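Just follow the structure's listing: the first ligand is 1, and inside any ligand the first atom is 1. Just the heavy atoms: all of them, side chains too, but no hydrogens, waters or symmetry mates, feed the values below. Along the sequence shown, the residues carry numbers beginning at 1. All values derive from a computational prediction rather than experimental measurement.
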Amino acid sequence: MSTAHSLVYLLAGLVSVFLFSAYRRRRVRYPPGPKGLPVLGNLFDVPVDYPWIGFCDIGKQHGSDVVHFQVLGTHLVVLNSLQAVGDLLEKQSNVYSDRPSTIMLDELSGWSRSWVQLDYGERWKEHRRLFHQNFRPSAIPQYHAKQAKAARRLLRFIVDSPERLVEHLRFIVGAMVLDTVFAFDVKPGDPMIKLVENAADTAIETIAAGVWMVDVIPALKYIPSWFPGARFQRKAREWKKQVDGLFDIPYGHFKESMRVGDAKPCFMSTLLSNVDDYEDLAQTEEMFASLAGVSYVAGSDTIVSTLATFVFAMTLFPEAQAAAHIALDDVLKGKRLPEIEDREALPYITALLYELLRWHPVTPIALPHRTSADSYYQGCFIPAGTNVFGNSWAILHDPTLYPEPHRFRPERFLRADGSLNPDARVPVEGFGFGRRICPGRHFAQDMLWITIAHVLAVFEIQPVGDASRKVDPEDVEQYFTPRFVSMPKPFECRFRLRVAEGLIPSGDLDQ
Ligand code: HEM
């Protein structure tokens, strides 16, 4: 394709976007939002860094909990309140449950193989049904031993090299997910971990790069990768190789271990035991590979970031940490490590976990949903194809739901006698909304609970350097990364051992 052709495509694309949006603007009333520029619309109004805060500010400026943007012809609506999320993502979930797809992410980089990207419909329902069967609350206890093994590994790693905390978190969580899905027993440095980690990073990189020209002018996808300026094609080809590896390589290894009779019980063995229920083998295998690969992508960074947030929070809030120590010592007497069965006796740890999920949700604006049909809300038009963000952070910091929302106070979930308050709102919004709410949330919460209980039973986490500075609770977000999956920026801390070192399992923990 010549440069002249590309310019014609570019011009035609921009003119049609302009004409279409000008036509729609004259006829309909969208929810309130910044006015925007011709053609580009609100391209420069959509907050890129800390969008969860920016969207709240824009909502306040326009006196509305529902805000509308139009970027290069695409509509975007942000819901900043529980009411709006309930009215649209939950009560109208038949219309509000598709996913946006982009050419760069889905088509060129291969993420269309992820079932998270599927629109609401029969294929999505079948994936979701199989996932739910294996990750609903009653199915989770089968994974507890694997989760406890990961937590115990972490204790040993922290004793040996506390300065590599995030690296250890990535390993223990990644290994635990591979163990859950495939019963693989991976060691630090295993290439399988690197493979799935790298692939997962491509999704974050694609999203973090912002708007790709190929998503504005779809015709660009036909430009060959050697063409000057087609760097996106080369990047996409490299990413696609990694993404295909994520879906194909671990699944291929598992099938081989089944063939030689080495496979152990796990999520994949359960799926494959039902393979004869399906007619189309190739399609069924693709579905199983997607279920497996997505578990890693959706489950690893989210848990790692939440655990990093936990350690960071403990450096800032010594009172909460001290209360957790008292509760743990009362039950464990410094003589044993916690078990998930201790949960009933340790409501403070559960309250601390809830407060963590509320105080800084790891995906503060969840994942976008897309509308599959036109709809109206409060007299305003929301067209089919609108990308809709539920602002989890805004809801979890709404003072009418959580008084003094910027304070870290696990006690808000407890009664005066220290038991869990059944009337307190569990902060589930960090896991998304409606029919697309995170189906891994029960698994994630048990893994978080058991890891937090282990770390606090064994260590006191102390601030070092910057972290010991007095932090303004209203201004705490600046210490977190500003994009889609948000974790603490690098910080220093010290781990002081509170129990005899002999309590920490050594070696490679095969049980
Ligand atoms: C702290 C941990 C986690 C957080 C905060 C989290 C958060 C989220 C959020 C915000 C969504 C989007 C929901 C929506 O569209 O409204 C989501 C979707 C999803 N999550 Fe999680 N997640 C976590 C852990 C996990 C784990 C451990 C797994 C798997 C084992 C998992 C599997 C999924 C899947 C498959 C989806 C897509 C569901 C769909 O599109 O129907 N997540 N998660």
Side-chain angles (χ1 to χ4, degrees), residues 52 79 85-86 88-90 93 96-101 111 113-121 123-136 139-140 142-143 146-147 150 169 173-174 176-182 196 200 203 207 266-268 287 290-310 353-354 356-370 387-393 395-396 427-452 484-487:
W52 49 98
L79 311 175
V85 156
L88 297 178
L89 298 185
E90 317 236 322
S93 58
Y96 280 75
S97 295
D98 275 0
R99 282 271 188 237
S101 65
W111 281 105
R113 294 184 70 184
S114 150
W115 72 273
V116 179
Q117 293 303 102
L118 288 177
D119 279 342
Y120 180 69
R123 269 188 74 213
W124 170 79
K125 280 188 194 159
E126 185 55 9
H127 284 78
R128 181 106 185 174
R129 186 184 71 78
L130 288 175
F131 190 90
H132 177 73
Q133 258 176 14
N134 290 276
F135 288 92
R136 62 185 166 206
I140 304 300
Q142 65 182 306
Y143 309 123
K146 296 173 192 288
Q147 295 183 330
L169 291 176
V173 175
M176 185 275 299
V177 176
L178 285 175
D179 195 8
T180 300
V181 177
F182 294 112
V196 288
I207 296 166
C266 57
F267 177 34
M268 191 48 70
M287 175 166 71
S290 181
L291 284 160
V294 162
S295 303
Y296 190 90
V297 177
S300 54
D301 270 358
T302 45
I303 295 182
V304 169
S305 301
T306 309
L307 287 173
T309 300
F310 151 67
L353 170 58
Y354 288 164
L356 198 65
L357 296 169
R358 185 201 69 80
W359 178 67
H360 184 79
V362 52
T363 46
I365 47 168
L367 280 186
H369 295 204
R370 193 184 53 182
N387 296 342
V388 182
F389 288 87
N391 189 341
S392 310
W393 185 90
I395 296 168
L396 296 170
V428 74
E429 286 74 17
F431 291 104
F433 307 99
R435 297 190 192 179
R436 304 299 295 235
I437 190 170
C438 173
R441 65 194 184 283
H442 310 292
F443 178 83
Q445 290 193 67
D446 283 8
M447 174 64 187
L448 291 168
W449 193 95
I450 201 143
T451 311
I452 289 170
F484 166 63
V485 175
S486 176
M487 68 185 298

Atoms of ligand 1 less than 4.0 Å from [X] heavy atoms?
{"X": "Phe443", "value": "27 (C)"}
{"X": "Val294", "value": "35 (C)"}
{"X": "Thr306", "value": "1 (C)"}
{"X": "Ala366", "value": "10 (C)"}
{"X": "Val362", "value": "5 (C)"}
{"X": "His369", "value": "14 (C), 15 (O), 16 (O)"}
{"X": "Gly430", "value": "5 (C), 7 (C), 10 (C)"}

Contact check, side chains of [X] and [Y], non-hydrogen atoms, under 4.5 Å:
{"X": "Met176", "Y": "Gln147", "result": "yes"}
{"X": "Leu448", "Y": "Phe310", "result": "no"}
{"X": "Trp115", "Y": "Ser290", "result": "yes"}
{"X": "Asp179", "Y": "Tyr143", "result": "no"}
{"X": "Leu291", "Y": "Phe267", "result": "yes"}
{"X": "His369", "Y": "Leu89", "result": "yes"}

* Nearest atoms (heavy-atom pairs only) where Ser97 meets Arg436 ->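 Residues Ser97 and Arg436, closest heavy atoms: O-NH1, 2.9 Å.
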* Nearest heavy-atom neighbours spanning Ser114 and Val294 ->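 Heavy atoms only, the tightest pair is OG-CG2, 3.4 Å.
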* Asked: Taking the inter-plane angle between the rings of Phe131 and Phe135 on a 0 to 90° scale, is it parallel (under 30°), tilted (30 to 60°) or perpendicular (over 60°)?
  ->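 Rings of Phe131 and Phe135: parallel, as their planes differ by under 30°.
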* To do: Please determine, by modelled atom types, if Ser93 and Arg435 share a side-chain donor-acceptor pair under 3.5 angstrom.
  =>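 Side chains of Ser93 and Arg435: pair found under 3.5 Å.
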* Asked: Is Arg99 in contact with ligand 1, taking contact as a heavy-atom separation below 4.0 Å?
  ->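 Yes, that is the case, since the closest heavy atom of the residue is under 4.0 Å from the ligand.
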Return the closest protein heavy atom for [atom] as residue, atom name and distance.
{"atom": "atom 6 (C) of ligand 1", "answer": "Phe431 CD2, 3.6 Å"}
{"atom": "atom 43 (N) of ligand 1", "answer": "Cys438 CB, 3.1 Å"}
{"atom": "atom 26 (C) of ligand 1", "answer": "Gly299 CA, 3.4 Å"}

Per [atom], closest listed option by heavy atom ([options]):
{"atom": "atom 41 (O) of ligand 1", "options": "Phe131, Tyr296, Trp124", "result": "Trp124"}
{"atom": "atom 37 (C) of ligand 1", "options": "Val116, Thr363, Asp301", "result": "Val116"}
{"atom": "atom 31 (C) of ligand 1", "options": "Pro439, Ala298, Ser97, Ala444", "result": "Ala298"}
{"atom": "atom 2 (C) of ligand 1", "options": "Thr180, Thr302, Ile437", "result": "Thr302"}

* To do: Decide whether an N or O pair under 3.5 Å exists between Trp115 and ligand 1.
  =>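 There is no such contact.
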* Indicate yes or no: does an N/O atom of Arg436 lie under 3.5 Å from an N/O atom of ligand 1? =>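 N/O-N/O distance below 3.5 Å exists for this pair.
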* Asked: Where on Arg435 is there a heavy atom closer than 4.0 Å to ligand 1, on the side chain, on the backbone, on both, or on neither?
  ->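 It is neither; nothing of Arg435 touches ligand 1.
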* Residue among Lys125, Arg370, Arg99 satisfying salt bridge (Lys or Arg N to Asp or Glu O under 4.0 Å) with Asp119 ->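 Checked Lys125, Arg370, Arg99 against Asp119; only one passes salt bridge (Lys or Arg N to Asp or Glu O under 4.0 Å): Arg370.
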